[in-house]
Undergrad: 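Have a look at the structure that comes next, please.
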Amino acid sequence: MNRVEPKKDWVLTPDAFDQLLQWLDQGVSSSGESYLEMRRRLVAYFNRKHCPAPDELADETLNRVARRLREEGTINSDAPAHYCYIVARFVLLEFLRKQQPQVSFSEKLLFRQTVSVDEMPDMTEVQEERERRWGCLERCMAGIEAVSRDLIVRYYHGEQRTKIENRRAMAVKLGITVNALAIRACRIREKLEGCIHKCLSAG
């Protein structure tokens with residue numbers, strides 16, 4: 001079973017857990033009921049996404065929220081549940097990436113010009129940006145011809161030597177040179193990048 005790795009070198013301490021409980025309660029003590037309800041809702045969320053370990057992913061989500069609270073003292077959000085769901089979507093994305101390593105091309109295409117996390121201290125913005133870009137990629141990939149979609153995915157599949165051999169085999173199958181194949185892939189990529197940029201600008 002694939003697992004989402006917890007944040008390294010950090011453990012949920014009793015003090016951090018108490019701080020999380022207080023933040024979820026929003027000033028009105030619920031004797032832990034707010035935490036239990038939030039956890040139930042997160043488990044249900046991951047269940048709806050057909051994850052094989054919804055309890056584990058829910059706990060990882062709440063641990064990440066607790067860690068940020070511990071590090072920053074507070075989290076500015078319109079509601080604790082809203083922020084927890086944002087973190088949950090980020091945890092889900094990480095889980096799906098590990099389930100689908102073949103999308104490395106998509107990662108390169110989407111995040112080649114993305115600013116680093118260090119330049120964006122608000123992790124909420126980073127999480128929302130990742131989801132927006134993946135949504136745009138899906139729409140743009142669906143909007144190109146099937147043959148182009150197949151070519152660009154296969155062109156970036158694999159690593160190093162495997163990728164080189166794969167491209168040679170593609171060129172032979174298409175009856176063109178490797179350079180001609182590279183030009184085709186470049187044109188498709190430019191079209192996708194333009195589509196993604198337009199999609200993000202409209203959003």
Undergrad: If you define the side chain from C-beta out and look only at heavy atoms, does anything of D15 sit under 4.5 Å from R70?
TA: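 Result yes, sub-4.5 Å side-chain heavy-atom pair found.
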
Undergrad: Look up atom CD in Q22 and atom OG in S34, then write down how far apart they are to the nearest 0.5 Å.
TA: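 Q22 CD to S34 OG: 12.0 Å, rounded to 0.5 Å.
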
Undergrad: How many angstroms lie between CZ in F90 and CD in E60, if you round to the nearest 0.5 Å?
TA: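 Result: 10.5 Å between the selected atoms.
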
Undergrad: Do V153 and M141 touch side chain to side chain, with heavy atoms closer than 4.5 Å?
TA: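 A side-chain contact exists here, since the closest heavy-atom pair is under 4.5 Å.
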
Undergrad: Does S201 reach the main-chain N or O of H197 with its side chain, forming a donor-acceptor pair under 3.5 Å?
TA: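 Yes; judged by distance alone, with no hydrogens or angles, the pair exists.
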
Undergrad: Return the set of residues passing side-chain hydrogen bond (donor to acceptor under 3.5 Å, both in side chains) with N47 (not counting sequence neighbours), or none when no residue passes.
TA: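 Testing N47 for side-chain hydrogen bond (donor to acceptor under 3.5 Å, both in side chains), a comparison that skips the adjacent residues, returns none.
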
Undergrad: Using 0.5 Å steps for rounding, measure from the CG atom of L42 to the CG atom of D59.
TA: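 Result: 9.0 Å between the selected atoms.
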
Undergrad: Report yes or no: is the SG-SG distance between C199 and C136 under 2.5 Å?
TA: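 Yes.
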
Undergrad: Supply the atom-to-atom distance R184 CZ to L151 CG, rounded to the nearest 0.5 angstrom.
TA: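 One finds 7.0 Å between CZ of R184 and CG of L151.
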
Undergrad: Determine the minimum heavy-atom distance between I196 and C140, stating which atoms define it.
TA: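 Shortest heavy-atom contact: N-SG, 3.5 Å.
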
Undergrad: Is any side-chain heavy atom of Y155 closer than 4.5 Å to one of K163?
TA: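 With C-beta onward as the side chain, the pair stays apart.
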
Undergrad: Would you find a donor on one side and an acceptor on the other, under 3.5 Å apart, between the side chain of T61 and the backbone of L57?
TA: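 Yes, because the side chain of T61 sits within donor-acceptor range (under 3.5 Å) of the backbone of L57.
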
Undergrad: Taking E165 first and then R168, would you say they form a salt bridge - that is, a charged N and a carboxylate O separated by under 4.0 Å?
TA: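 Not counted as a salt bridge, because no side-chain N and carboxylate O are separated by less than 4.0 Å.
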
Undergrad: Does the salt bridge (Lys or Arg N to Asp or Glu O under 4.0 Å) test come out yes or no for E37 and R40, once each step is laid out?
TA: CA-CA 5 Å; E37 176 61 22; R40 281 194 292 267; 3.0 Å; yes

Undergrad: Do NZ/NE/NH1/NH2 and the carboxylate oxygens of E94 and R64 come within less than 4.0 Å?
TA: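 Between R64 and E94 there is a salt bridge, with a charged N closer than 4.0 Å to a carboxylate O.
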
Undergrad: Do Q19 side-chain atoms and L69 backbone N/O form a donor-acceptor pair below 3.5 Å?
TA: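 The answer is yes, because a donor-acceptor pair under 3.5 Å joins these two groups.
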
Undergrad: To the nearest 0.5 Å, how far apart are CD1 in I176 and CG in L181?
TA: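 Going from CD1 on I176 over to CG on L181, the span is 5.0 Å.
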
Undergrad: Centres of the F46 and F95 rings: under 6.0 Å?
TA: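 When the ring centroids of F46 and F95 are compared, they turn out to be at least 6.0 Å apart.
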
Undergrad: Regarding R189 and E193, does a basic nitrogen lie under 4.0 Å from an acidic carboxylate oxygen?
TA: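 Judged by the 4.0 Å cut-off on N to carboxylate O distance, R189 and E193 do form a salt bridge.
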
Undergrad: Quick check: do L24 and C84 have side-chain heavy atoms less than 4.5 Å from each other?
TA: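 L24 vs C84: side chains touch.
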
Undergrad: Taking all non-hydrogen atoms of both residues into account, name the closest pair between M38 and A81 and its distance.
TA: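 Looks like SD-CA, 3.7 Å.
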
Undergrad: How long is the span from the CG atom in L21 to the CD atom in E33, to the nearest 0.5 Å?
TA: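 Taking CG in L21 and CD in E33, the distance rounds to 11.0 Å.
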
Undergrad: Evaluate the side-chain proximity of L12 to R67: yes if any heavy-atom separation is below 4.5 Å, no if none is.
TA: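 When only atoms from C-beta onward are counted, L12 and R67 do not touch, as no gap falls below 4.5 Å.
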
